[in-house]
Amino acid sequence: MLNPLSVQINSERLWTSLEALGQIGADEQGGITRLSLTDEELTGRQFVMSLMADAGLEVRQDEAGNLIGVLAGEDPDAAVIATGSHIDTVIQGGRFDGALGVLAGIEVLRTIKEQGIRHARSLEVICFTDEEGVRFGAGYLGSRAMSGGWDDQWLELKDANGFSLKEVMENAGVSPGTVALASRSRQSIQAYVELHIEQGRVLEALGTSVGIATAIYGHCWLEVTVRGRADHAGTTPMKLRQDPLTATAAQLLAIEQIAVEHGGVATIGTLKLAPGAINVIPGEVVYSVDLRHEEAEKLLQMEIAIREALTGIVEEKSLSLSIIATDSAPPVRSSQMIMDTLAESCRINELPEHYMVCGAGHDAVAMNELTDIGLILVRSRDGISHHPLEWSSPEDCEAGANVLLHTLIKLSIE
Ligand code: HGY
Ligand code: MN
Ligand code: MN
Ligand code: MN
């Protein structure tokens with residue numbers, strides 16, 4: 001009688017699928033740009049659906065465009081065990097962020113099916129719509145829709161080319177009026193376990209392949225606009241200037257200081273100014289702020305302190321300021337039961353159990369509204385991610401996928 005926990009995934013097959021998906025949206029520098037619901041990502045979705053079908057899964061797309069591959073269990077009424085991630089990327093990102101979780105999930109369900117492992121609970125692997133939020137400015141769209149957090153206001157969000165999420169969804173065959181119907185009841189999913197690259201430096205520093213996330217940072221995204229008066233660079237005396245850019249410089253240093261004081265992180269990832277000519281004092285600056293913290297209270301305090309600091313800086317200079325909160329999600333804690341199961345799976349695979357807090361956001365944050373969550377992290381070389389040099393070794397991907405395999409087996413046979 002086969003011991004279900006003695007099986008291993010087919011790591012060559014997993015690596016081949018990572019390489020194939022990594023071609024879709026790739027540029028000459030090796031960066032990958034597969035923004036949500038663009039042609040590149042839609043091509044990636046076709047690839048994922050064909051892989052789910054080849055694995056013998058029942059494939060469906062829900063009202064939010066989430067792709068779901070199902071391996072039916074012996075008890076159709078039992079709440080399911082789900083895994084998943086995303087294949088949309090940032091601009092010039094890497095080929096493991098999100099993709100590893102989706103492809104390893106398919107490989108794990110395929111292995112369970114091929115090995116004839118009996119499981120009461122059905123298993124699902126989900127490829128979520130728009131986890132990154134880079135194209136429209138709000139992330140976790142598919143996982144939020146599935147966990148009951150959809151907001152129709154997001155349909156009006158526009159991308160850099162002026163296309164609204166609504167029209168892009170229509171073009172992609174996702175009807176904008178029924179996205180909220182993707183939400184599922186708490187009773188329908190027993191647990192959600194995501195496999196994701198670490199995207200940081202901790203596991204490499206420890207020299208270990210995988211980590212068990214105890215918590216995931218919450219985030220708050222702001223769009224800041226500072227307006228002054230565009231003027232001639234030569235004829236405007238320094239004391240008469242209403243220069244939004246020098247005010248912004250003071251604001252950025254204040255933001256950095258506040259993040260350090262609160263033990264959080266803050267990133268200014270985008271900054272645009274107008275009109276943008278060498279001999280014209282800018283009239284307007286627009287920049288983004290990405291704030292993160294492990295504790296909800298400290299995240300809120302950071303945001304409040306930053307709002308106060310930015311306001312104080314413009315008041316001295318009679319400039320105008322607008323701060324719009326464009327996206328946010330609370331920090332989440334992993335389920336102890338799932339962490340214990342992940343730890344047992346690490347032991348089965350002779351891997352050290354390393355517990356750590358995850359600074360990167362994942363669909364697991366949204367799924368925590370619906371069910372118990374767990375997250376396995378796989379070592380990232382040099383901690384690089386959201387970058388063409390993002391890399392995890394075949395051995396580390398295999399280790400993470402086997403930990404996911406044994407965890408899903410244990411959770412689905414009970
Ligand atoms: O931003 C993040 O942490 C994730 O990549 N969405
Ligand atoms: Mn990412
Ligand atoms: Mn990701
Ligand atoms: Mn994720």
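Order of listing sets the numbers, starting from 1, for every ligand and every atom in it. Please read these numbers as outputs of a predicted model, since none were measured by experiment. We count residues from 1, following the sequence as given.
Under the 4.0 Å criterion applied to side-chain N and carboxylate O atoms, Arg34 and Asp88 are not assigned as salt-bridge partners.
His386 contributes NE2 and Glu132 contributes OE2; the angle these two atoms make at the Mn ion (ligand 2) is 110°, rounded to 10°.
No donor-acceptor contact under 3.5 angstrom links the side chains of Ser380 and Ser385, judged on distance only.
The Mn ion (ligand 3) is closest to atom OD1 of Asp97 (considering only N, O or S atoms). Atom NE2 is the N, O or S atom of His196 at the shortest distance from the Mn ion (ligand 3).
Side-chain atoms of Leu5 and Ile409, non-hydrogen and from C-beta on, do get closer than 4.5 Å to each other.
For residue Glu131, no N/O/S atom approaches the Mn ion (ligand 2) to within less than 2.8 Å. The Mn ion (ligand 3) has an N, O or S atom of His86 inside 2.8 Å of it.
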Output, in order, the C-alpha distance, side-chain angles, deciding distance and verdict of salt bridge (charged side-chain N to carboxylate O under 4.0 Å, His left out) for Arg347 and Glu353.
CA-CA 7 Å; Arg347 288 192 290 274; Glu353 300 150 50; 3.0 Å; yes

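Ring geometry, Trp154 versus Trp150: the interplanar angle exceeds 60°, so the pair is classed perpendicular (tilted spans 30 to 60°).
In terms of the side chain to side chain donor-acceptor pair (under 3.5 Å) criterion, Thr89 has no residue partners (sequence neighbours excluded).
Between atom CG of residue Asp77 and atom CD of residue Gln187 there is a gap of 13.0 Å, rounded to the nearest 0.5 Å.
Around atom CG of Leu206, more than 12 heavy atoms belonging to other residues, nucleotides or ligands sit under 6.0 Å away.
Listed as neighbours of ligand 1 are Glu131, Glu132, Arg292, Ala360, Gly361, His386, each bearing a heavy atom under 4.0 Å from the ligand.
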